[in-house]
There are 2 protein chains.
Amino acid sequence: MDNAAPQSPAGLSTSPSWLLNQTASHAARLLSEGFAAHDLRGYHYRLLASLAEDGPASQADLGRRCGIDRSDVVAAINDLAGRGLVVRAPDPADRRRNVISATDGGADEARRMGATLERVQADLLAPLSATEREQLTRLLTRLLRHHSRH
Amino acid sequence: MDNAAPQSPAGLSTSPSWLLNQTASHAARLLSEGFAAHDLRGYHYRLLASLAEDGPASQADLGRRCGIDRSDVVAAINDLAGRGLVVRAPDPADRRRNVISATDGGADEARRMGATLERVQADLLAPLSATEREQLTRLLTRLLRHHSRH
DNA sequence: GGTGTTACGTTGGTGCGACCAACGTTGGTT
DNA sequence: AACCAACGTTGGTCGCACCAACGTAACACC
């Protein structure tokens, strides 16, 4: 018959790290599908959003702001620059650096992708009340903050 | 100077899907490091645990139980069988199927990896009280359950 | 009792996120 | 002048998730 919905291994089904992983995996898939409509991926959005909201930065700084490796920033910025969403200019004050800035089109795209993110998020969190969403956010934030300062 | 700790893009830092992703990513890294000591990966543990706890199954069933694609099950079971942690036998009742069973060694390894999981989990959830951990588990479970029955 | 459909294991491939090592160049320190 | 640190870039690796296609085997229906 081949029925039986996807299940988790017995002992794992209540394991936070399993739940975390599965939920994040699901969220990532939804997000990926949403971003696909823009023909861009998660890295692109993170960078674009950071540029639009926090202003221009060097690639290394961008990487630190977004938690993306320098080498991956290169490729993503290449893509964004190739579409005119972002401009790469040499930093006159430090010839090692490039200053990356979002163009007007880039800022627009960042807004559009932000809207997509909101939409996906609403879908993802549909079963939770506003209070519960805030609870979840608080718990995750505390976990992250604790582990970010090793 | 290169100071500045990894940060999230401004607007994203409070976005559940970002938090979910980052936390899961962190958990996955810790888990991966833990499992590396066993020279195995997440897929191997899921399968081994499922076999040890829920008993033998065909590869397709295993895939469904663990949420792993059939084709990925093949490779992982190959690894496990190569180490004698698992046995692949033809199903006399259905010649399409293989019956996979954990060996004694496999069951032992499953227990050891389970202990590793516990250890990692304790580290991950260190900043949360028991009540908060339960809260987190409940919220994630509800999210998952909601989305699993599309 | 053939026929069509479904499930199974397997092969081979894709995509994304994350990470690492190394190099040449440039800036700051001493 | 010599050293070291940071920058951008190239070119990999790994793990997880997913898909398409194949041949074989089981099942359903008429």
Side-chain angles (χ1 to χ4, degrees), chain A residues 1-4 6 17-18 20-36 38-47 57-64 66-79 81 88-100, chain B residues 1-4 6 17-18 20-36 38-47 57-64 66-79 81 88-100:
Chain A
M1 288 257 186
D2 210 56
N3 50 355
S17 68
W18 163 268
L20 219 39
N21 206 323
Q22 288 303 107
T23 318
S25 171
H26 192 76
R29 202 179 57 252
L30 290 180
L31 215 41
S32 172
E33 287 166 5
F35 285 163
H38 305 257
D39 210 51
L40 289 170
R41 292 162 300 138
Y43 275 15
H44 298 125
Y45 175 62
R46 288 197 224 167
L47 294 168
S58 74
Q59 298 181 193
D61 279 348
L62 261 183
R64 280 185 287 266
C66 302
I68 300 179
D69 190 90
R70 310 201 315 268
S71 60
D72 297 320
V73 171
V74 175
I77 293 295
N78 282 345
D79 296 342
R88 200 192 241 120
D91 185 341
D94 186 339
R95 281 186 296 171
R96 291 174 301 179
R97 295 184 179 170
N98 294 330
V99 176
I100 313 295
Chain B
M1 287 263 186
D2 211 56
N3 50 354
S17 67
W18 163 268
L20 218 39
N21 206 322
Q22 288 302 109
T23 318
S25 171
H26 192 77
R29 192 157 32 81
L30 290 179
L31 215 40
S32 172
E33 287 165 6
F35 285 163
H38 306 257
D39 210 50
L40 289 171
R41 291 161 299 135
Y43 274 13
H44 298 125
Y45 175 63
R46 289 196 223 168
L47 294 168
S58 74
Q59 297 181 194
D61 279 348
L62 261 183
R64 280 184 288 266
C66 303
I68 300 179
D69 191 90
R70 308 201 318 267
S71 60
D72 297 321
V73 171
V74 176
I77 293 294
N78 282 344
D79 296 342
R88 202 192 240 121
D91 184 342
D94 186 339
R95 280 185 295 170
R96 292 174 302 179
R97 296 185 178 167
N98 294 331
V99 177
I100 313 295

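Letters A, B, ... mirror the listed sequences (proteins, then strands); counts begin at 1.
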Partner residues of B/D94 under the side-chain contact (heavy atoms from CB on, under 4.5 Å) criterion, sequence neighbours left out: B/D91, B/R96, B/R97
Whole angstrom value for the distance that separates P of C/dG17 from CZ of B/R41: 20 Å
5' priority, DNA chain C, between A/G42 and B/V99 [closest heavy atom]: B/V99
Sugar-phosphate, base or nothing in reach of A/S58, heavy atoms under 4.0 Å: sugar-phosphate
Gap separating the OG atom of A/S58 from the CZ atom of A/R88, nearest 0.5 angstrom: 11.5 Å
Close side-chain approach of A/N21 to B/L31, heavy-atom, < 4.5 Å: no
Length of the CG-C1' vector between A/L30 and D/dA17, whole Å: 14 Å
Whole-Å distance separating the CD atom of A/E33 from the P atom of C/dT14: 21 Å
Nearest-Å distance for atom pair CH2/C1', residues A/W18 and D/dC16: 12 Å
Under 3.5 Å: donor-acceptor pair, side chain of A/H44, backbone of A/R41: yes
Nucleotide C/dC8, atom C1' - distance to CG of B/D61 in whole Å: 10 Å
B/N78 CG - C/dG12 P separation (whole Å): 12 Å
Close side-chain approach of A/L62 and A/I77, heavy atoms under 4.5 Å: yes
Sequence-aligned protein contact record of nucleotides 18-27 of chain C, with B where the base is within under 4.0 Å of a protein heavy atom and S where only the sugar-phosphate is: BBB-B---BS
Whole-Å gap separating C1' (D/dA25) and CG (B/N98): 12 Å
Pair listing, side-chain hydrogen bond (donor to acceptor under 3.5 Å, both in side chains) test, anchored in residues 27-36 of chain B, at least two apart: B/H26-B/R29
Gap between atoms CG and C1', on B/D39 and D/dC14 respectively (whole Å): 13 Å
